[in-house]
Amino acid sequence: MSAREPTTPSTPKRAGWAWRPFALTLPALVLLAAVIGYPLLTIVLRSLSEPQWGAQNYVWFFGAPINLTVLGRTFTISAWVTIVCVICAYPYAYLMTAVGPRVRLVLVLCVLIPFWVSGVVRTLSWVILLQDSGVINSLLRAAGFDGIRLIRTQTGVVIGMAQVLLPFMILPLYSVMKGIDLRLMRAAQSLGAKPSRAFFTVYMPLSLPGVYAGAIIVFILALGFYITPALLGGPRSTMLSTLVQTQVLSLLQWGRGGAMGVVLLVTTFVLLALAAPVMRSRYREAGRS
């Protein structure tokens, strides 16, 4: 009995320790509420109160066909950017897991170096590469092909945005792929499966959580891009962020600009809510496999 008595007074202390993790997150929660929650609430209130209280800004948005066209184009471009990033990032991330430590370090540095360069500088470099007299068209003409129009097109916007967002796809993929045991594919091959079949039936399902995580990050970031579409795109590749900038800074229509931002935010949440069950079921299947 005497050996058990000292454990009784320590119970309240353990209960007090349970609040420590939550207390440690309070500064971060307060900061998020200050820098994200308050501005978002302000935008919502302005969309309902300027120039007067009501839903006239939302009626204007959904009543103008150009707004709906630009909204659909914004999601279309973001989806294409996500697809391009997945196609380019998947083999790169797989290569990072298959090479030795020194080569892996070089590959990681190649992924991190773009974070040290301004997005404006990278976009301006794409202007030089994609323009009609740029490097790409000059090489095509030197090879005997006709030049193609890349600048001021939706294709140029997708290329520029994909290059900027590619690291956000590679890093989640690599974090998942490095935990996959490559011996599983060799085991499948020893049982008679071809290398390609072993890859698609064993390795790829295990890497899908990284694909989903990176795709969500890239897609959400692409929805709010402004600089790259403004410099590389044209009138037919205008995204919703450009219209928001025009309404707020050029026309001083804070209510209409806020309504555009709220519509984009709500539409994004709705699409993510619809895609969440599918991603969750695929994630569970990958976990069971």
Side-chain angles (χ1 to χ4, degrees), residues 39 43 61 64 66-89 92 110-141 145-171 214-254 256-261 263-265 267-268:
I43 292 298
F61 180 86
I66 184 63
N67 294 332
L68 300 179
T69 301
V70 173
L71 179 63
R73 183 188 299 139
T74 300
F75 281 93
T76 301
I77 293 177
S78 300
W80 276 112
V81 171
T82 304
I83 293 173
V84 172
C85 286
V86 170
I87 295 174
C88 296
Y92 190 93
C110 292
V111 175
L112 297 179
I113 285 176
F115 288 111
W116 305 337
V117 182
S118 171
V120 178
V121 175
R122 283 184 284 173
T123 303
L124 290 176
S125 65
W126 276 111
V127 173
I128 298 174
L129 292 174
L130 299 178
Q131 61 185 347
D132 296 336
S133 59
V135 177
I136 296 178
N137 279 311
S138 298
L139 293 176
L140 289 176
R141 294 189 183 96
F145 299 99
D146 295 332
I148 56 177
R149 183 172 179 81
L150 295 174
I151 197 72
R152 308 303 179 197
T153 62
Q154 185 170 320
T155 303
V157 174
V158 172
I159 293 174
M161 292 176 60
Q163 188 271 332
V164 175
L165 294 175
L166 192 59
F168 295 96
M169 177 66 72
I170 294 176
L171 295 177
I216 291 175
I217 295 174
V218 170
F219 183 77
I220 293 178
L221 291 176
L223 290 174
F225 257 54
Y226 169 71
I227 295 177
T228 303
L231 294 179
L232 298 180
R236 295 186 177 181
S237 56
T238 301
M239 298 181 67
L240 195 63
S241 57
T242 304
L243 294 187
V244 173
Q245 185 269 345
T246 302
Q247 292 294 330
V248 172
L249 297 182
S250 301
L251 303 178
L252 299 180
Q253 296 285 347
W254 282 87
R256 290 184 175 182
M260 289 181 174
V263 169
L264 180 61
L265 180 65
T267 308
T268 304

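No experiment lies behind these values; they were computed from the predicted model shown.
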Between the side chain of [X] and the main-chain N/O of [Y], is any donor-acceptor distance below 3.5 Å?
X    : Y    : value
N137 : R149 : no
R236 : T153 : no
T268 : L264 : yes
T123 : T228 : no
R152 : L231 : yes
S78  : F75  : no
T74  : L240 : yes

Mind checking the [atom1]-[atom2] spacing from [X] to [Y]? Nearest 0.5 Å is all I need.
X    : Y    : atom1 : atom2 : value
M260 : L265 : CE    : CG    : 15.0 Å
L165 : I220 : CG    : CD1   : 11.5 Å
M161 : Q163 : CE    : CD    : 12.0 Å
C85  : I217 : SG    : CD1   : 11.5 Å
L130 : I136 : CG    : CD1   : 5.0 Å
M239 : F225 : CE    : CZ    : 8.5 Å

Please determine whether ring pair (Phe, Tyr, Trp, His ring centres under 6.0 Å) holds for the pair F168 and F115, giving the CA-CA distance in whole Å, both sets of side-chain angles, and the decisive distance to 0.1 Å. CA-CA 10 Å; F168 295 96; F115 288 111; 5.3 Å; yes
Validation row: Y92, V111 side chains within 4.5 angstrom (heavy atoms): yes
What I'd like to find out is whether the side chain of Q253 reaches to under 4.5 Å of the side chain of V248, using heavy atoms alone. no
For atom CZ of R141, decide whether the heavy atoms of other residues, nucleotides or ligands shown that lie under 6.0 angstrom number more than 12. yes
Among I128, L232, L129, V157, exactly one meets side chain to side chain contact (heavy atoms under 4.5 Å, CB included) together with I151. Which residue is that? L232
